[in-house]
Undergrad: 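One structure is given below, represented as structure tokens, and several questions about it will come after.
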Protein chains: 2
Amino acid sequence: MSTSVVRAIRILDLIAKSDQPMPLAAIAEALDIPRSTAHVILRDLVAESVLTCGKPPTYSVGVKAFEIGSAYLRGSGIAAVVGPELARLTGALRFTAHYAILDGTEALYLCKEDPPGLGIRLASSVGARLPSHLTAVGKASLAWLGDEAVTEHVSLKTKDASGQAVTMKRLSAELARVRELGYATDDGQITAGIRCVAAPAFDATGPRGAIGVSFLSSATESLAPIAAEVMESAARVTTLLGGESPA
Amino acid sequence: MSTSVVRAIRILDLIAKSDQPMPLAAIAEALDIPRSTAHVILRDLVAESVLTCGKPPTYSVGVKAFEIGSAYLRGSGIAAVVGPELARLTGALRFTAHYAILDGTEALYLCKEDPPGLGIRLASSVGARLPSHLTAVGKASLAWLGDEAVTEHVSLKTKDASGQAVTMKRLSAELARVRELGYATDDGQITAGIRCVAAPAFDATGPRGAIGVSFLSSATESLAPIAAEVMESAARVTTLLGGESPA
DNA sequence: TTACGGCGTTCATATATATGAATCTTATAC
DNA sequence: GTATAAGATTCATATATATGAACGCCGTAA
């Protein structure tokens, strides 16, 4: 095993998750790496433009990292399929639309499209992670996985915005309802006052992420017409991915 | 120096720039690394989800890389400033708008906003690189750098779409004209039939990327009203960045 | 089926790296 | 201006890594 490579990635991940530039000492301590070792790795990462170093020395993610990361969307071909559909959704509903996949116990947001015009623009969520079982996109993805697989993708430690713990039993019931309705919701579980509606997209191998929209709870009466639009987009993505929508 | 870290990054960069998943042998040969060494590094990168490995074994950029890379836009604060401005531009002009910075001898595209509705959606360009002296965004950024600095950011080897070589003399003259007008153009130098107009944004330290729009050459008569909109957006970004627009 | 060729994988060893301690630098308080 | 402390950087050495060669695997062709 090449410890320095693993450490380099861990360092990048740590800095990426921090909202502020990090000094060497903080990095070394957080990852339990000797300062001198961290120093060498950081030097190399800076030299390769994967990190940038400010002065006084603090490290942030650099352009090269962005460039490499952007290849993921191109390579997976997701952006080309999902992008136009998100544009359609934001145009029709005037809500922010996004696409997210399950990664570990969290939903990872891959694409976002803000509504046209000068409406509310939610804080950028591309690259963000949120607990899968608290988000509409996460629940939509989980619903068709089967109970055994769900436990692998959920961290029950996480509580929602109202402080309510999530039990497997309760989640299981909600996912059953998601399958029934064809869409999942989140009403303030992540951010109070923000509601989300999402529906899953499938490829030939099964669920592959979900498309969702976010909006102010106060701005809507009925979810049905919104859900219908979201499900239509999700179904279309499913078709493009070569998958089949469940009954 | 930690060669394995540098090699890991080079490997990631190589795979990111390839449009197809790469097998170990191709990677090892391209970077002149022994196969066995490359194998160890690839194993670690896959274990950390920075790469994914298909079967038969071919490597592509993984989700972790995307997640790390997305931190660049958040951290630099660019997306928050530029995003709304791009939205305004696409809304007003119905063209695709983008923001790019100089990186080495190329322009690196950081943000893109497609026009609302079902209009033409240009192929996703986020993360793409194009020669700085052939693109409108590149030329807009170069124009206010000073001739000495320009040579560092330009690779004169690159020819434009019409096969015409670019001399420093000719470029210098064009940049002078860009300074005069306040905006730069690209009329088919990258892609025949596609025209771009861009204007630079400044922060306190100098030029910091450029905002531009792309459209079909056939779809426009006069550049002036388009350029005016682009320059207005660029000026607004400049203000937000704490910079000052030149005379 | 068998032989072949290309690729991926493993392994022992020469070699480069990781690290604790010392040094230097920078920011802060007095 | 000086002292102080926190952090960054350097360096010699113990240790883990990089690598060439050998092996195993899979697809292809005879």
Side-chain angles (χ1 to χ4, degrees), chain A residues 1-65 68 71 75 205, chain B residues 1-62 64-65 68 71-72 75-76 204-205:
Chain A
M1 215 225 322
S2 181
T3 60
S4 60
V5 171
V6 173
R7 281 169 164 175
I9 301 303
R10 299 263 166 85
I11 287 174
L12 288 173
D13 199 35
L14 178 71
I15 295 175
K17 277 171 180 154
S18 153
D19 7 298
Q20 290 188 344
M22 294 185 76
L24 184 150
I27 296 167
E29 190 188 11
L31 299 177
D32 199 30
I33 300 174
R35 280 205 269 273
S36 49
T37 305
H39 184 252
V40 174
I41 296 174
L42 288 169
R43 271 190 82 80
D44 287 342
L45 292 177
V46 170
E48 295 295 319
S49 300
V50 178
L51 290 179
T52 50
C53 186
K55 45 180 179 173
T58 49
Y59 298 88
S60 324
V61 175
V63 279
K64 180 80 98 203
I68 292 170
T205 66
Chain B
M1 217 224 322
S2 181
T3 61
S4 61
V5 171
V6 173
R7 281 170 165 175
I9 301 303
R10 299 261 166 88
I11 287 173
L12 288 173
D13 200 33
L14 178 71
I15 295 174
K17 277 171 181 157
S18 154
D19 8 297
Q20 291 186 344
M22 294 185 78
L24 185 150
I27 297 167
E29 190 187 12
L31 299 177
D32 199 31
I33 299 174
R35 280 205 269 276
S36 51
T37 305
H39 183 252
V40 174
I41 296 175
L42 288 170
R43 272 192 82 79
D44 287 343
L45 291 176
V46 170
E48 295 294 319
S49 300
V50 178
L51 289 179
T52 51
C53 186
K55 45 180 181 176
T58 49
Y59 298 88
S60 325
V61 175
K64 180 80 99 202
I68 292 170
Y72 174 71
S76 62
T205 66

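Letters A, B, ... are given to chains in the order of the sequence lines, protein chains preceding strands, and every chain is numbered from 1.
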Undergrad: Rounded to the nearest 0.5 Å, what separation is found between the OG atom of B:Ser4 and the CG atom of A:Asp44?
TA: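 B:Ser4 OG to A:Asp44 CG: 8.5 Å, rounded to 0.5 Å.
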Undergrad: Rounded to the nearest 0.5 Å, what's the gap from CE on A:Met22 to CD on A:Glu29? Could you check?
TA: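 A:Met22 CE to A:Glu29 CD: 9.0 Å, rounded to 0.5 Å.
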Undergrad: Under the rule for side chain to side chain donor-acceptor pair (under 3.5 Å), what residues qualify as partners of B:Arg10, not counting sequence neighbours?
TA: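 Partners of B:Arg10 by the side chain to side chain donor-acceptor pair (under 3.5 Å) criterion, ordered by chain and then number, come out as A:Glu48.
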Undergrad: After noting the C-alpha distance and the side-chain angles of B:Val46 and B:Tyr59, does the key distance pass the side chain to side chain contact (heavy atoms under 4.5 Å, CB included) rule?
TA: CA-CA 8 Å; B:Val46 170; B:Tyr59 298 88; 3.6 Å; yes
Undergrad: Nearest 0.5 Å, what's the CG-CZ distance between B:Asp13 and B:Arg7?
TA: 15.5 Å
Undergrad: Quickly work out the B:His39 NE2 to D:dC23 C1' distance and round it to whole Å.
TA: 13 Å
Undergrad: Which letters describe nucleotides 12-21 of chain C, given B = protein heavy atom under 4.0 Å from base, S = only from sugar-phosphate, - = neither?
TA: -----SSBB-
Undergrad: Short of 4.0 Å, heavy atom to strand atom, which residues of residues 10-26 of chain B count as contacting DNA chain D?
TA: none
Undergrad: List the atom of B:Ile68, the atom of A:Val61, and the distance in Å for their closest heavy-atom pair.
TA: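 In terms of heavy atoms, the two residues are closest at O-CG1, 3.6 Å.
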Undergrad: Hey, which of A:Leu42, A:Ile41, A:Thr58 is the one that makes side-chain contact (heavy atoms from CB on, under 4.5 Å) with A:Ile27?
TA: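 For A:Ile27, the side-chain contact (heavy atoms from CB on, under 4.5 Å) check succeeds only for A:Leu42.
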Undergrad: To the nearest 0.5 angstrom, please state how far the CD1 atom of A:Ile9 sits from the CG atom of A:Leu14.
TA: 12.5 Å
